[in-house]
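Step one of this worksheet: look at the structure below.
Since the structure is predicted, the reported quantities are computational estimates derived from the model, not experimental observations.
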Amino acid sequence: MTASRSDSMRGGGRVPGGPFTNVLVANRGEIARRVFATCRRMGIGTVAVYSDADAAAPHVAEADAAVRLPGNTPAETYLRGELIIEAALATGADAIHPGYGFLSENAEFAQAVLAAGLVWIGPPVEAIEQMGSKVAAKKMMDAAGVPVLAELDPDEVTAAQLPVLIKASAGGGGRGMRVVRELADLEPQIAAARREAESAFGDPTVFCERFLETGRHIEVQVMADTHGTIWAVGERECSIQRRHQKVVEEAPSPLVERIDTMRERLFEAARLAAGAIGYTGAGTVEFLADEAGDFFFLEMNTRLQVEHPVTECTTGLDLVRTQLEVAAGGELAAAPPALRGHSIEVRLYAEDPANEWQPQSGTVHRLDIPSVVTEFEVLERPGVRLDTGVVDGSVVGVHYDPMLAKVISYAETRGDAARLLATALQRAKIHGLVTNRDLLVRVLRHPAFLAGDTDTAFFETHGLDSLSAPLATEADEALSIVAAALADAAANRKAAGVGGGLPAGWRNLPSQSQHKSYESRTSGTHDIGYRFTRTGVAVDGHDGLELVQAGPERVVLAVPGERGLVRRQFDIARYGDLVCVDSPLGPVSVRRLPRFSDPADQVAHGSLLAPMPGSVIRIGAEVGSAVEQGQPILWLEAMKMEHTISAPAAGVLSALNVTVGQQVDVGAVLAVVDPTESQEN
């Protein structure tokens, strides 16, 4: 890909143990910031690369040097290995850390890094190649004595073998994964998986294996040096998943804690897997386990994992530092540190769990978690850690994964860690985008989770509808919207040029209520009628409510309860027509409605709107054709995933406003289905 510096530097041939001068991170966002944080603590310089979409990203500002990769999509930027190596050479970097995702498990890129005279902070190229194909990896692990699930040829799956899981051979993270329960669905799902795998990894190869409806996803962190020492650092449980992507991760595993000898057997299998391929550096061996403690090899990730902080917190290790030391020729101790306490990590996504996990895009106006005691550092005492790639004002686009942050707790016991994390999330101020925060809090407080009863079917077992419900009840949401209206009234008074110190709408004699209207994403329109009186405020439908304080940013209300009035404090923030209300009752976000609506804003009945910005990749029906309710009309690609846009009702496709390859904005009218008379009636 690029010219070599010199033969003396080939293969990372530096003096063993010698320090790095500058490290380039071939990645973006949270993982780039994570590696930079350790480099700063070690006195090592840092280099960032960035796409045009990431030009204002925090990881770019934090690096000592940054190099632009022209374009926006991964294929144009972070997957261009030759451009990344050129950036390293141009900035004087002597090593490249790949992070996770993108090129982190690309053997060709790793080889090119070494050929350019740079140090590859990762495992040997041969190990990446051997584990890069999940098909070949499973065969190798089977031969080495590691238990595996049998591989199935996608073209030869029979009805008796269903259900099966389609998986991308070249990658993970849920991309290219499909569960098939009906034989008729197999061919189209394989085609969709191949397209998604090609888009995410540049390799459309997929395979099938038997799908276990329930199971425990257990993985072992390994670390190996070039002197023959292999650590099984600790296990993690990552069973709670959506779309085969992890949402909640913890260490140690409740299942492993419960079953005698399971940890020893897991660690032995992980060391056996690493030893079989001559592994060095950080890696993760993933297993699918059942409730009896039997487990099967899934894959080996030849890189650092997203969920590595929970292992750091339960061992005291800085795994990135250990990666750097091993890459510099350092020698591990005979045994890893002993395990301590419990750590839980949740992935805060910009997505709507109640609406088929639709990813969101837009501006993160505020991300504030008051309980956080550190960022990107090992927690040495009970507390909350934040690893994030966004700050206030960051824009979440459509080209990359919608994860906003990882929020990690550490405590002496699992129960304490769960309570600490749930409380921190509930009290967090997350403004601007719909997120999975409420879901995460409900999971952490769920009796089954607290009992350690977690498996890959957790959402199906306990009901996604109830788990994704807003933390604020309907009554609490209504009270929060009252607070929003009173805060808006206070803001209007403060901005008034004349009589700003007087209560808005105050009259010496009784008068009609003033009204403010808001739109809730979950409960519809709220019309708040209120009158300021000599003694406070009277709010329609809220008898006995007393106003203690009303300012533009804070409202305090005395709310009637079974044993008298209870004071409630509400913090209010505005961003255009978006109003965010935070209180111990739960976060509430609403849109302030104008007094008069514009007819031009109306859309035709039966319109299919784009739920997110994206690119049209397929169209499944023609104008004038009859369609059934739920029939796919077109497919969008956004944030590296395919999203199906289906007919809302049976009828006729009367309009199709897009073509394949077209970029669309959120809310754009993609097509119109005229429902049949029976549907209308």
Have [X] and [Y] got a donor and an acceptor in their side chains that come within less than 3.5 Å?
X      : Y      : result
Arg303 : Gln323 : no
Ser520 : Thr522 : yes
Asp455 : Ser239 : no
His431 : Asp582 : yes
Glu474 : Ser523 : no
His643 : Glu637 : no

Heavy-atom side-chain contact between [X] and [Y] under 4.5 Å:
X      : Y      : answer
Leu578 : Val590 : no
Glu377 : Arg385 : no
Ile408 : Val310 : yes
Leu317 : Val378 : no
Phe296 : Val148 : no
Leu149 : Phe297 : no
Leu165 : Arg178 : no
Leu162 : Glu182 : no

Donor-acceptor under 3.5 Å ([X] side chain, [Y] main chain):
X      : Y      : answer
Glu105 : Thr302 : yes
Asp290 : Asp294 : yes
Arg437 : Ala428 : yes
Ser371 : Val384 : no
Arg419 : Arg445 : no
Arg442 : Pro470 : yes
Asn436 : Glu351 : no
His462 : Phe459 : no
Ser343 : Ser409 : yes
Lys406 : Thr388 : no

Cation-pi check for [Y] against [X]: NZ or CZ below 6.0 Å from the six-membered ring centre and within 45 degrees of the axis, yes or no?
X      : Y      : value
Arg216 : Phe295 : no
Arg340 : Tyr410 : yes
Arg242 : Tyr349 : yes

Please check if atom [atom1] in [X] has more than 12 non-hydrogen atoms from other residues, nucleotides or ligands closer than 6.0 Å.
X      : atom1 : answer
Glu356 : CD    : no
Glu257 : CD    : yes
Arg271 : CZ    : yes
Arg258 : CZ    : yes

Pairing of Arg521 and Asp352 as salt bridge, 4.0 angstrom limit:
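The answer is yes: the pair qualifies as a salt bridge.
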So, are Lys139 and Asp142 salt-bridged, with charged N and O less than 4.0 Å apart?
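Here Lys139 does not pair with Asp142 in a salt bridge, since their nearest N and O are not under 4.0 Å apart.
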I would like to know whether Glu209 and Lys138 meet salt bridge (charged side-chain N to carboxylate O under 4.0 Å, His left out); could you show each step before the answer?
CA-CA 11 Å; Glu209 63 186 18; Lys138 292 182 70 171; 2.6 Å; yes
Which label fits Phe458 and His446: parallel for a plane angle under 30°, tilted from 30 to 60°, or perpendicular past 60°?
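Perpendicular.
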Under the side-chain hydrogen bond (donor to acceptor under 3.5 Å, both in side chains) test against Arg236, which residue among Gln221, Glu249, Glu345, Glu250 passes?
Gln221
If the test is side-chain hydrogen bond (donor to acceptor under 3.5 Å, both in side chains), which one of Glu307, Gln241, Glu237 qualifies with Lys246?
Glu307
Taking all non-hydrogen atoms of both residues into account, name the closest pair between [X] and [Y] and its distance.
X      : Y      : result
Tyr279 : Ala282 : OH-O, 2.7 Å
Gly383 : Leu420 : O-CD2, 3.4 Å
Leu464 : Trp357 : CD1-CZ2, 3.6 Å
Ala405 : Leu367 : CB-CD2, 4.4 Å
Leu439 : Ser468 : CD1-N, 4.0 Å
Gln360 : Val434 : CG-O, 3.5 Å

Quick check for you: to the nearest 0.5 Å, what is the distance between [X] atom [atom1] and [Y] atom [atom2]?
X      : Y      : atom1 : atom2 : value
Glu219 : Asn301 : CD    : CG    : 7.5 Å
Leu304 : Thr284 : CG    : OG1   : 7.5 Å
His217 : Thr454 : NE2   : OG1   : 11.5 Å

Can you confirm if the aromatic rings of Tyr400 and Tyr78 lie within a centre distance of less than 6.0 Å?
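Aromatic pair counts; centres sit under 6.0 Å.
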Taking side chain to side chain contact (heavy atoms under 4.5 Å, CB included) as the criterion, tell me which of Gln130, Met131, Met140 meets it with Met300.
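Of all the options given, the one that passes is Met131.
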Passes salt bridge (charged side-chain N to carboxylate O under 4.0 Å, His left out), Glu312 versus Arg34? Steps please.
CA-CA 13 Å; Glu312 292 187 322; Arg34 168 67 189 90; 2.7 Å; yes
